[in-house]
K.L.:
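Right, I'll just put the structure down here and ask away after.
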Amino acid sequence: MDQPATSWADDLAEEIRTGYPGVRLELGLDRGPYLVLFWIVLPESERGKGIGTRVMERITAAADLRGVPVALSPSGNFGGDPDRLHAFYQRFGFITNTSRGELCSSRESMIRAPREPATTDRAQSVNTGIGRGLGEQRDSGWR
């Protein structure tokens, strides 16, 4: 039997899990299309060290390269504070999804429109997946 094809969102999630052991997340593509961050959990011992910021930079860069909006819903279900999470996501350009649930709109509570990739180097690293390796991007100051 053939394996089902994986989407670029599945590949991105696996790349992040590999580059940041202990980070658990689920990404997917939703109608629209939207890249949806369904959930993300960082171990408590790793919070406040910039890992969440680097992961979100990676997610938004990949979506920007493809011209796809990112959607998510901050939640306290995994130990985070929803107000802090809301403020955290706003730093990346997420806003309240005022058309939530409408036809062709994401069901998630926050959304971020795609932006132009910042540099050719950044676009290249996003386009090639882990070409340089996510850990190497982290260690070399890729932001």
Side-chain angles (χ1 to χ4, degrees), residues 1-97 99-101 104-143:
M1 224 185 204
D2 291 333
Q3 292 282 348
T6 61
S7 72
W8 64 268
D10 295 328
D11 294 340
L12 176 61
E14 185 58 32
E15 176 186 327
I16 291 168
R17 285 185 210 105
T18 301
Y20 295 96
V23 172
R24 299 180 356 233
L25 77 159
E26 183 178 348
L27 291 169
L29 298 175
D30 199 0
R31 63 179 182 204
Y34 294 90
L35 175 63
V36 180
L37 175 58
F38 292 105
W39 55 269
I40 182 169
V41 179
L42 276 64
E44 285 191 41
S45 63
E46 297 299 311
R47 295 178 189 175
K49 297 180 179 180
I51 294 170
T53 296
R54 289 189 294 272
V55 168
M56 287 307 301
E57 287 172 343
R58 180 67 183 99
I59 291 169
T60 56
D64 290 347
L65 183 69
R66 291 164 178 85
V68 175
V70 183
L72 53 81
S73 293
S75 163
N77 291 347
F78 299 102
D81 175 86
D83 292 332
R84 282 189 69 200
L85 291 169
H86 194 271
F88 173 76
Y89 293 125
Q90 283 180 322
R91 291 185 4 218
F92 299 94
F94 285 87
I95 60 171
T96 300
N97 182 7
S99 56
R100 183 178 184 184
C104 296
S105 178
S106 175
R107 297 172 287 227
E108 306 303 322
S109 65
M110 295 186 82
I111 194 153
R112 178 189 179 274
R115 299 178 182 165
E116 291 293 320
T119 67
T120 304
D121 289 341
R122 184 177 192 182
Q124 179 65 29
S125 68
V126 171
N127 191 36
T128 59
I130 71 173
R132 288 182 10 203
L134 191 59
E136 187 174 316
Q137 290 170 354
R138 177 182 61 215
D139 294 340
S140 65
W142 180 83
R143 298 192 202 306

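All of these numbers come straight from a predicted model, not from anything done at the bench.
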K.L.:
To the nearest 0.5 Å, how far apart are NE2 in H86 and CZ in F94?
P.N.:
11.0 Å
K.L.:
Please report the closest heavy-atom contact between P33 and P69, naming both atoms and the distance.
P.N.:
O-CD, 3.5 Å
K.L.:
Hey, are the side chains of S109 and N97 touching, using non-hydrogen atoms and a 4.5 Å cut-off?
P.N.:
no
K.L.:
Kindly compute the distance separating CZ (R112) from OH (Y34), expressed to the nearest 0.5 Å.
P.N.:
14.0 Å
K.L.:
Quick one: pull up CG in L85 and CG in L72 and give me the separation to the nearest 0.5 Å.
P.N.:
9.0 Å
K.L.:
Minimum heavy-atom separation for A62 and L12, please, with both atom names.
P.N.:
CB-CD2, 3.7 Å
K.L.:
Would you say the side-chain atoms of T96 pair up with the backbone N or O of M110, donor to acceptor, closer than 3.5 Å?
P.N.:
no
K.L.:
Going from CG on L37 to OH on Y89, what distance comes out if it is rounded to the nearest 0.5 angstrom?
P.N.:
5.5 Å
K.L.:
Looking at every heavy atom in both P82 and G76, which two are closest together, and how far apart are they?
P.N.:
CG-N, 3.7 Å
K.L.:
Hey, what do you get for CD (E26) to CG (D10), rounding to the nearest 0.5 Å?
P.N.:
8.5 Å
K.L.:
Would you say R84 has more than 12 foreign heavy atoms packed within less than 6.0 Å of its CZ?
P.N.:
no
K.L.:
V41 versus V23: any side-chain heavy-atom pair under 4.5 Å?
P.N.:
no
K.L.:
Quick check: do L27 and F38 have side-chain heavy atoms less than 4.5 Å from each other?
P.N.:
no
K.L.:
Quick check for you: to the nearest 0.5 Å, what is the distance between E108 atom CD and D30 atom CG?
P.N.:
7.0 Å
K.L.:
Strictly distance-based, threshold 3.5 Å: is any side-chain N or O of R17 a donor or acceptor partner for the main-chain N or O of L25?
P.N.:
yes
K.L.:
Does some side-chain heavy atom of F88 sit less than 4.5 Å from a side-chain heavy atom of M56?
P.N.:
yes
K.L.:
Could you go through the side-chain contact (heavy atoms from CB on, under 4.5 Å) check for I95 and I111 one step at a time?
P.N.:
CA-CA 6 Å; I95 60 171; I111 194 153; 4.2 Å; yes
K.L.:
Output yes when a side-chain donor or acceptor of D64 lies under 3.5 Å from a complementary backbone atom of R115, and no otherwise.
P.N.:
yes
K.L.:
Would R54 and E57 pass as an ion pair if we require N to O under 4.0 Å?
P.N.:
no
K.L.:
Distance-only, no hydrogens or angles: does the R58 side chain make a donor-acceptor pair with backbone N or O of I16 under 3.5 Å?
P.N.:
no
K.L.:
Begin with the C-alpha distance, continue with both residues' side-chain angles, and end with the deciding distance and a verdict on side-chain contact (heavy atoms from CB on, under 4.5 Å) for Y20 and L42.
P.N.:
CA-CA 9 Å; Y20 295 96; L42 276 64; over 6 Å; no
K.L.:
Contact between F92 and I59 at the side-chain level, heavy atoms closer than 4.5 Å - yes or no?
P.N.:
no
K.L.:
Can you check whether A87's main-chain N or O pairs, donor with acceptor, with R91's side chain at less than 3.5 Å?
P.N.:
no
